[in-house]
Protein chains: 2
Amino acid sequence: MPRSPGRPVPEAERPLRADARRNRELLLTAAHEAFTEHGADASLDDIARRAGVGIGTLYRHFADRDALLVATLEERLVALRDKGRALLETPDAVDAVVAWMKVLIKHLTTYRGMVGTISAGLHGVSAACEQVKETGAALLSRAQAAGEIRSDIDHDDLEALAVAVAFTGQQPASDPARARRMLTVIIDGLRVRAPGAK
Amino acid sequence: MPRSPGRPVPEAERPLRADARRNRELLLTAAHEAFTEHGADASLDDIARRAGVGIGTLYRHFADRDALLVATLEERLVALRDKGRALLETPDAVDAVVAWMKVLIKHLTTYRGMVGTISAGLHGVSAACEQVKETGAALLSRAQAAGEIRSDIDHDDLEALAVAVAFTGQQPASDPARARRMLTVIIDGLRVRAPGAK
DNA sequence: TGCGAAGCGGAGGATGCCTCCGTATATGAA
DNA sequence: TTCATATACGGAGGCATCCTCCGCTTCGCA
């Protein structure tokens, strides 16, 4: 059942052909390896080679480096969401927000030198993205409603702060102790001042 | 007065030949333009072309992209130091630290997408680098001695926090209001809790 | 079994980084 | 001034990467 030659993928999800599905998986696995090993410097040609696939095939599946990265992280987003949901069940609202930030930071540092790109990937349109954001927003709201976290920030701010810690933690000159101190400073800044404080 | 063919520059500062000095200046000017225009994506070949100089000449003066960037920023470091010294004369220690952070952030965002590299350049060995760090450290100590800024952080931490704000402020999804909020949160986190606070 | 859509592969153009080395020039000494 | 030589210049070209294009192959439905 042919189709008019509209160049790229039609639009809606069309079931992939069996070989295409297989190659897609091979590419994602190879990409994960390569990104893990070389971070932002991973070569797309190399990824195609690792996957045992032509470079043209890689580009048929993923428009560019970013698209490939986003796809690679997609399933991790689900795990992220689940961790967030679990945190919603814990009693201490502030502790939960702190834990959530740590989880975000870990996600953002999945691959070296890609904090910016991974962060951009969090603002995508996939269902997983939405759910991650919803979950995080719920965690934040809970702590704000309890009057423990300042109310003049939103979840995007929280994300930006996580990006900040993640980025500096990945600088060559950084050390884990400093990263911990940074997070402490930020958390303290997020807390509502106790009554009587200046 | 010839010299044995020790490949690179001898070691100590040797006076440059007149043409070399001129070309060096041309390169720095061209580099500043190119970095301003294209940020991290500026091409070194293009910089040489703008300077009206062969690519070999560029590499004779600057070992690689980072060396060129550092040289480009060198004179700005002096300005940075001077601003810091001026702040040391202002009365409010905390305000001075806040202003210092803003100055640092501005410096780090001189060129787009180069926060990491510019930050690394702050840790160099030039006199200007040292003086910038000394000045910043003095500003921080003053506020800490006054009991207004937490004492468990050092100037490298302050720098890391500036890097954090600078980086997130340069993300495509960022907006100035968020950057301002981030800085507020961080400053609040840096303040010593007023007595009576939890 | 056959046909058309979907997918594959890789050659090759474009760009960027950097090295190498033959040539040109500035500079101090005579 | 002239000369010798260290210093500096220029750019061709090797290598890597990204990405496009298009002829060939394979899948899957009828």
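Here is how names work: the chains are called A, B, and so on, in the same order as the sequence lines, proteins then strands, and each is numbered from 1. Since the model is a prediction, treat every value here as computed from it, not as a measurement.
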So which nucleotide from C:dC17, D:dC19, C:dC8 ends up closest to the side chain of A:Asn23?
-> C:dC8
So NE2 of B:His155 and CG of B:Leu104: to nearest 0.5 Å the spacing works out to 5.5 Å
Test salt bridge (Lys or Arg N to Asp or Glu O under 4.0 Å) on B:Lys133 and B:Asp156 and set out the steps.
-> CA-CA 9 Å; B:Lys133 273 198 279 190; B:Asp156 283 345; 5.4 Å; no
Of the nucleotides D:dT20, D:dA8, D:dC18, which has the atom closest to the B:Ala20 side chain?
-> D:dA8
note: A:Arg22, atom CZ; D:dT26, atom C1'; distance rounded to Å ~ 10 Å
Among C:dG16, D:dC18, C:dT19, which is the nearest nucleotide to the side chain of B:Asp45?
-> C:dG16
Please give, in whole Å, the distance from C:dC17 C1' to B:Asp66 CG?
-> 13 Å
Could you go step by step and tell me if A:Asp19 and A:Arg22 meet the salt bridge (Lys or Arg N to Asp or Glu O under 4.0 Å) rule?
-> CA-CA 5 Å; A:Asp19 51 349; A:Arg22 187 168 4 106; 5.7 Å; no
Per A:Ile55 side chain, nearest of listed nucleotides C:dC18, C:dA11, C:dT27 = C:dA11
Whichever of B:Ala63 and B:Ala18 has the more 5' nearest nucleotide on DNA chain C, that residue is B:Ala63
Testing C:dG16, D:dC9, C:dG9 for proximity to the side chain of B:Thr57, the answer is D:dC9
Rounded off to whole Å, could you give me the CZ-to-C1' distance for the A:Arg24 and C:dC8 pair?
-> 16 Å
Near B:Glu37 CD, under 6.0 Å, is it more than 12 heavy atoms from other residues, nucleotides or ligands?
-> yes
Within this structure, what is the CZ-to-P distance between A:Arg65 and D:dT17, rounded to whole angstrom?
-> 10 Å
In Å and rounded to the nearest 0.5 Å, what is the CG to NZ distance from B:Leu183 to B:Lys102?
-> 6.5 Å
Regarding the side chain of A:Asp19, the nearest nucleotide among D:dC18, C:dC17, C:dC8 is C:dC8
Does the base of C:dT27 carry an N or O that pairs as donor and acceptor with the side chain of B:Arg17 under 3.5 Å?
-> no
Compute the ring centroids of A:His38 and A:Tyr111, then answer whether they are less than 6.0 Å apart.
-> no
B:Arg21 or B:Arg49, whichever maps to the more 5' nucleotide of DNA chain C | B:Arg49
Does A:Ser43 place a side-chain N or O at less than 4.0 Å from the phosphate oxygens OP1/OP2 of D:dC18?
-> yes
Separation of A:Glu25 atom CD from C:dC8 atom P, in whole Å?
-> 13 Å
Out of D:dA8, D:dT17, C:dT19, whichever nucleotide has its closest atom nearest the side chain of B:Leu16 = D:dA8
Separation of D:dA8 P from B:Leu58 CG (nearest whole Å) = 15 Å
Separation of C:dT19 atom C1' from B:Phe62 atom CZ, nearest Å, is 18 Å
Within less than 4.0 Å of OP1 or OP2 of C:dG7, is there a side-chain N or O belonging to A:Arg60?
-> yes
Taking only N and O in the side chain of A:His61, is any of them less than 4.0 Å away from OP1 or OP2 of C:dC8?
-> yes
Nearest-angstrom distance from the residue atom CG of A:Leu26 to P of C:dG9 = 10 Å
